[in-house]
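Okay, so here's the structure we're looking at.
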Amino acid sequence: MKKKIAIGMCVVILCVAGVFVVNSLSSKAKEDQERAEQEKTLQEIISRFSYNVITNKETFLYTFENGAYQKCGTIQEGYPLELVNEPIDVDTQYFKVKNFDAYINIYDVDGVSKKFEKDQRYTRYVMFNENVKTPTPTQFYNEDDELVLTLDTSFDLPIIIKEDGKYGVAYDDTLFYVKEVESVYPSDNTTIETRKTIRTFTYHTVYDPETQTCASVEICHPIEQFESHLQYLRDEDFLTLTMEELELFLDSKIQIPRKTVALTLDDGIYLENSVPLVEKYGMNATFFIITSKVDVSEYMDSKYARFESHSDDMHNNYKCPKNTTYSQGGQMLCEPYDSMIADLKLSQEKLQGSNYYAYPFFDFNDRAKAALKDAGFHLAFIGQYTSNGYSDKNTDKMLIRRTTIFGNYPIEMFMDFCTDND
């Protein structure tokens with residue numbers, strides 16, 4: 001009997017021990033699995049982290065309050081961000097965003113190989129001495145009126161651009177627009193002196209005197225001369241306006257510094273000389289093209305060269321009676337109205353759109369102005385026309401003045417033109 005009891009006790013002990021061993025092994029396996037999963041999660045977070053990221057969907061921004069992450073705004077898909085490097089563990093899913101008082105979920109962004117280069121052109125404008133106060137939440141739009149950011153806070157921001165129904169402001173090193181504002185009020189944002197007028201320079205053909213021919217000193221510029229002008233503008237940190245910026249200035253929507261000019265080149269001859277130079281020196285220039293004679297397709301991707309209309313096939317002089325002492329009887333002066341519109345539309349089509357025009361030979365009349373408006377042009381350019389090449393907010397948009405640069409002007413004369421007293 002005692003022997004049976006002893007055997008039974010042994011069996012019980014062995015069973016208990018077996019259960020303990022099994023439980024221990026099961027617990028260890030579970031711990032190992034949890035550690036493996038945590039390590040996998042940690043490595044995934046580490047692999048997803050990058051200083052430079054882009055949102056992979058429309059998503060939320062967060063603040064960290066009372067020990068928890070709370071939604072504080074939304075951000076559109078495809079927006080570039082910089083993340084702040086912080087210690088990473090398995091619980092680190094939210095990272096602080098540089099320039100934002102906010103965090104983002106690491107799974108809502110994808111890493112990119114290099115920092116996104118944001119357009120900083122707006123920093124060349126002179127901000128107004130006025131601020132806007134936005135409501136809560138604040139909505140930030142891009143230039144295409146697409147909503148990009150919504151942040152659950154109010155902002156006081158200097159005005160950079162005064163557009164119809166919206167204001168251009170800077171946030172996150174980016175030019176945004178705000179539409180809803182609580183107030184606009186004076187603010188001492190800058191003491192930089194601004195221009196009240198703008199001088200536009202006219203060039204024509206930039207040529208190589210050793211290998212190319214050109215008709216006259218009035219419209220022919222040796223490569224060396226044109227390059228010296230561009231180098232001077234770059235070295236002196238001049239702002240050279242695009243046509244869109246010139247239009248904004250004339251509408252009093254932006255302010256520009258004293259060292260600002262606009263560059264135009266008429267006709268489009270020998271673009272292989274002039275376009276590479278404006279690209280080399282980073283100077284914006286507008287080329288008015290005779291589209292029946294010049295194909296600009298190979299240059300359309302240029303960063304600093306822009307191409308606008310100089311008519312398709314109306315660049316012909318002595319076709320009409322002269323209407324001024326300096327007129328060359330340009331074809332636009334007497335071209336049938338419908339034919340003029342057709343020519344303008346054709347030039348716009350060939351240029352894949354054009355909103356700006358230069359009258360051939362500077363010849364214009366009321367019919368030509370009306371045709372340009374009907375064709376949808378925003379600005380049209382003539383010569384000096386009693387203004388020495390200056391235009392301002394009161395200038396007729398269809399008669400923007402320009403100063404003609406001759407091919408024999410020394411660099412000192414060009415420097416004098418640029419350092420005027422407005």
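Counting only heavy atoms from C-beta outward, the side chains of Phe288 and Ser309 never approach each other to under 4.5 Å. When side chains are defined from C-beta on, Ile254 does not count as touching Ile160, because their heavy atoms never get closer than 4.5 Å. Thr200 is not listed as a side-chain neighbour of Leu241, based on a closest heavy-atom distance of 4.5 Å or more. No side-chain heavy atom of Val278 sits under 4.5 Å from any side-chain heavy atom of Leu263. By the 4.5 Å heavy-atom criterion applied to side chains, Phe238 and Pro257 are not counted as neighbours. The closest side-chain heavy-atom distance from Phe307 to Tyr299 is below 4.5 Å. Side-chain contact check for Phe100 versus Leu81: some heavy-atom pair is nearer than 4.5 Å. Side-chain contact check for Leu250 versus Lys397: some heavy-atom pair is nearer than 4.5 Å.
Salt-bridge formation is not detected for the pair Asp363/Lys322: no Lys NZ or Arg NE/NH1/NH2 atom is positioned less than 4.0 Å from an Asp or Glu carboxylate oxygen. Under 4.0 Å is where a charged nitrogen must lie from a carboxylate oxygen, and between Lys293 and Asp267 no such pair does. With respect to Lys71 and Asp152, no salt bridge is recorded, no charged nitrogen being found less than 4.0 Å from a carboxylate O. With salt bridges taken as basic N to acidic carboxylate O contacts below 4.0 Å, none links Glu335 and Lys319. Between Asp392 and Arg401, none of the side-chain N atoms (NZ, or NE/NH1/NH2) sits under 4.0 Å from a carboxylate O, so this pair counts as no salt bridge. The pair Arg124-Glu245 fails the salt-bridge criterion, with no side-chain N (NZ, NE, NH1 or NH2) lying under 4.0 Å from an Asp/Glu carboxylate O.
Annotation for Asp301: atom CG does not count as buried by contact number, only 12 or fewer foreign heavy atoms lying within 6.0 Å. In the displayed structure, Glu130 atom CD is contacted under 6.0 Å by more than 12 heavy atoms of other residues, nucleotides or ligands. Within 6.0 Å of the CG atom in Asp188, the count of heavy atoms belonging to other residues, nucleotides or ligands does not exceed 12. Around NZ of Lys179, the count of heavy atoms belonging to other residues, nucleotides or ligands within 6.0 Å exceeds 12. The 12-atom threshold is exceeded at CD of Glu146, counting heavy atoms of other residues, nucleotides or ligands nearer than 6.0 Å. Residue Glu349 places its CD atom among 12 or fewer non-hydrogen atoms of other residues, nucleotides or ligands, all under 6.0 Å distant. Under a cut-off of 6.0 angstrom, the local environment of CG in Asp366 is sparse, with at most 12 non-hydrogen atoms contributed by other residues, nucleotides or ligands. By the 6.0 Å contact criterion, CD on Glu180 is open, its count of non-hydrogen atoms from other residues, nucleotides or ligands being 12 or less.
Formation of a donor-acceptor pair under 3.5 Å by the Asn105 side chain with backbone atoms of Phe60 is not found in this model. In this structure a side-chain-to-backbone donor-acceptor pair under 3.5 Å is missing from His315 to Pro360. Looking at Tyr337, its side chain does come within 3.5 Å of a backbone N or O of Ala370 through a donor-acceptor pair. No donor-acceptor pair closer than 3.5 Å links the side chain of Ser302 to the backbone N or O of Ala305. For the pair Gln255 (side chain) and Met127 (backbone), a donor-acceptor distance under 3.5 Å is present. Between the side chain of Ser297 and the backbone N or O of Asp295, no donor-acceptor pair lies under 3.5 Å. Side chain of Gln93 to backbone of Tyr107: no donor-acceptor contact under 3.5 angstrom is found. Using a distance-only test at 3.5 Å, with no hydrogens or angles considered, no donor-acceptor pair links the side chain of His204 to the main chain of His221. A side-chain donor-acceptor contact under 3.5 Å links Lys118 to the backbone of Asp172.
The aromatic rings of Phe155 and Tyr171 sit perpendicular to each other, their planes meeting at more than 60°, with 30° as the lower class boundary. Between Phe95 and Phe49, the ring planes are tilted. Angles from 30° to 60° get that label. Relative orientation of the Tyr103 and Tyr69 rings is perpendicular, given thresholds of 30° and 60° on the angle between their planes.
Ring to ring, Tyr203 and His229 are close: their centroids are under 6.0 angstrom apart.
When only modelled atom types and interatomic distance are considered, Arg402 and Thr264 share a side-chain donor-acceptor pair under 3.5 Å. Between the side chains of Arg199 and Thr403, at least one donor-acceptor pair of N or O atoms lies under 3.5 Å. Between the side chains of Gln212 and Asn273, at least one donor N or O lies within less than 3.5 Å of an accepting N or O. Judged purely by distance below 3.5 Å, without hydrogens or angles, the side chains of Thr291 and Asp312 pair a donor atom with an acceptor atom. Between the side chains of Thr55 and Glu77, not a single donor N or O lies within less than 3.5 Å of an accepting N or O. Under 3.5 Å, the side chains of Asp208 and Tyr270 contain no donor-acceptor pair of N or O atoms.
To the nearest 0.5 Å, atom NZ of residue Lys133 and atom OG of residue Ser187 are 13.0 Å apart. In this structure, OG on Ser347 lies 4.5 Å from CZ on Phe377, to the nearest 0.5 angstrom.
Partners of Tyr167 according to the ring pair (Phe, Tyr, Trp, His ring centres under 6.0 Å) rule, which considers only residues two or more places apart in sequence or in another chain, do not exist here. Contacts of Cys220 classified as disulfide bond (SG atoms under 2.5 Å apart), with partners at least two apart in sequence or in another chain: Cys214. Applying the side chain to side chain contact (heavy atoms under 4.5 Å, CB included) rule to Glu224 yields no partners; only residues at least two apart in sequence or on another chain are considered. Shown here are the ring pair (Phe, Tyr, Trp, His ring centres under 6.0 Å) partners of Phe364, two or more places apart in sequence or in another chain: Tyr359, Tyr385. With sequence neighbours excluded, the residues that form a ring pair (Phe, Tyr, Trp, His ring centres under 6.0 Å) with Phe406 are Tyr409.
Applying side chain to side chain contact (heavy atoms under 4.5 Å, CB included) to Gln139 and the options Thr150, Val148, Val178, Leu149 leaves one that passes, Thr150. Of the listed residues (Arg306, Glu247, Glu308), just one forms a side-chain hydrogen bond (donor to acceptor under 3.5 Å, both in side chains) with Tyr356, and that residue is Glu247.
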Audit row: Glu82, Lys115, salt bridge (Lys or Arg N to Asp or Glu O under 4.0 Å) steps and yes/no: CA-CA 8 Å; Glu82 287 187 64; Lys115 183 178 179 179; 3.4 Å; yes
Go through the steps to decide whether Leu399 and Lys369 satisfy the test side chain to side chain contact (heavy atoms under 4.5 Å, CB included), and finish with yes or no. CA-CA 8 Å; Leu399 298 176; Lys369 290 169 59 179; 4.0 Å; yes
Decide side chain to side chain contact (heavy atoms under 4.5 Å, CB included) for Lys96 and Asp101; before the verdict, give the C-alpha distance in whole Å, the side-chain angles of both, and the deciding distance to 0.1 Å. CA-CA 8 Å; Lys96 187 158 180 40; Asp101 187 20; 3.9 Å; yes
Worked check of side chain to side chain donor-acceptor pair (under 3.5 Å) between Gln348 and Ser354: CA-CA 5 Å; Gln348 290 172 316; Ser354 175; 5.5 Å; no
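The disulfide (SG to SG under 2.5 Å) contacts involving residues 224-270 comprise nothing, where partners must be two or more places apart or lie in separate chains.
Taking the centre and axis of the six-membered ring of Tyr141, the NZ or CZ atom of Lys166 falls outside the cone set by 45° and 6.0 Å.
Gly268 approaches Ile289 most closely through the heavy-atom pair CA-CD1, 3.7 Å.
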